[in-house]
Asker: 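Structure provided below as structure tokens; questions to follow.
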There are 2 protein chains.
Amino acid sequence: MLETKTERVCGCAHDPATFAARVEQSCARDGVQLTPLRRRVLDIFSGSAGPLGAYAILEALSRREGKQVAPPTVYRTLDFLLEHGFVHKIESLNAYAPCEHLGHAHHGMLAVCDACGRSEEIEDEAVMRAIAATAAGSGFMPRTVMVEAKGLCRRCAEREAGATAHHRNPGVASSTSAPSGSRK
Amino acid sequence: MLETKTERVCGCAHDPATFAARVEQSCARDGVQLTPLRRRVLDIFSGSAGPLGAYAILEALSRREGKQVAPPTVYRTLDFLLEHGFVHKIESLNAYAPCEHLGHAHHGMLAVCDACGRSEEIEDEAVMRAIAATAAGSGFMPRTVMVEAKGLCRRCAEREAGATAHHRNPGVASSTSAPSGSRK
DNA sequence: CTCCGCACTGTTATAACATAACAGTCTGCC
DNA sequence: GGCAGACTGTTATGTTATAACAGTGCGGAG
Ligand SMILES: [Zn+2]
Ligand SMILES: [Zn+2]
Ligand SMILES: [Zn+2]
Ligand SMILES: [Zn+2]
């Protein structure tokens, strides 16, 4: 919610605040039906600093609508967004994150920060080629491939390095827990 | 349960039937405590043709013990096996599979067959190097990496190719559902 | 215009996956 | 004996996801 715009190699703007608007344009262009409900869920993603669990979305939605929303409503919306590649599921977190590379037929590697809970989607043509090659070598024909890494994002890694340099702090900065409805 | 021994590049025997015995040896060598309960769970893995969900293990265990077993019993056993690298969790399936590369400090890619439900663990030094490089390029410091592929294993791919060649069968061979407690 | 199908949403109930918290047992050590 | 630690049992509950069916609104065929 504090972070905006980070430049990447691919050159596209990943400003979370404009995520919903960009998806909206994409839908208009492709004749895909972006209903009010779906749009509200996109807004919720736009306003989040990290991946969201289905039930976190459910709560945000309930707050926004002023009345209780049921799980299938959320899961159906997520199905729609997943099918169209507007969001990705992070399996190791049971959470969902907005796609940061809308439009590219990217094959993304998801990197999740253990410290701040944010996720980022890294372009990785080389990784996917390596995986395809390895799979082919064993006779396996992949249809979908998922790569998820956990570790420290640049910001958190730098902050931690600084902390240890200053006062030899052994405790990990994990009091800064995940920003939104996911645990583990 | 029908399949035995498949030879791989790495040269180690992956016979599921001997999985429990091999883990047992490993524990004896390392002074790790392999209790009867843990051993029974290993046996259950040995007797399975594919990944097992926690509740599938629970049921198998309950049957074997003759009395109802509770979830924590299973999850604690799985924790033990995971910690020691004897089994892996397949996040995209919420299921667990025996390690096929006991002993190697492997970094495995898990390949799950959509048709027969089996999983295999493929060695992939190159993939892990590519991932590390990609991550480094974006400033991310990975601690753990997960690679999961879904598609067709060699056997199923061949069978399907044969089927389509013979009578132009459009229906996927998905009636041959997953072998054990997992869906999706 | 009417009827129908289709896409979307609402609602209730339940399935599937996972953990918290506390109690009991056994074993080895002081 | 008394105690600590590792393991297991037990009860209850939390979290994630889906099944099944009902209602609504809209556009096109007849
Ligand atoms: Zn993406
Ligand atoms: Zn971070
Ligand atoms: Zn392994
Ligand atoms: Zn197969």
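By convention in this document, chain letters (A, B, ...) are assigned in the order of the sequence lines, proteins followed by strands, and residues within each chain are numbered from 1. Keep in mind that the numbers below use all heavy atoms, side chains included, and drop hydrogens, waters and symmetry copies. Being a predicted model, the structure only gives us computed values, none of them experimental.
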Asker: Expressed as a whole number of angstroms, how long is the span from N94(B):CG to dT19(C):C1'?
Answerer: 14 Å
Asker: Could a donor-acceptor pair under 3.5 angstrom be found where the side chain of Y55(B) meets the base of dA15(C)?
Answerer: no
Asker: Pick the nucleotide of DNA chain D nearest each of P71(B) and E65(B); which residue has the one closer to the 5' end?
Answerer: E65(B)
Asker: What is the separation between atom CZ on F80(A) and atom P on dA7(C), rounded to the nearest whole Å?
Answerer: 13 Å
Asker: Is Y96(B) close enough to dA18(C) that one of its side-chain N or O atoms is under 4.0 Å from OP1 or OP2 there?
Answerer: yes
Asker: Counting only side-chain N and O atoms of Q33(B), is one of them less than 4.0 Å from OP1 or OP2 of dC7(D)?
Answerer: yes
Asker: For the pair made of OH in Y75(B) and C1' in dA21(C), what is the distance, rounded to whole Å?
Answerer: 17 Å
Asker: Would you check if D124(B) and I131(A) make a side-chain contact, meaning some heavy-atom pair closer than 4.5 Å?
Answerer: no
Asker: Do you know which two heavy atoms are closest between L110(B) and K89(B), and how far apart they sit?
Answerer: CD1-O, 4.2 Å
Asker: With distance as the sole test, does R154(B) use its side chain to make a donor-acceptor pair with the main-chain N or O of M141(A) at under 3.5 Å?
Answerer: no
Asker: Determine: side-chain N/O of K67(B) to OP1/OP2 of dT8(D), distance under 4.0 Å, yes or no.
Answerer: no
Asker: Within this structure, what is the CZ-to-P distance between R76(A) and dC6(C), rounded to whole angstrom?
Answerer: 18 Å
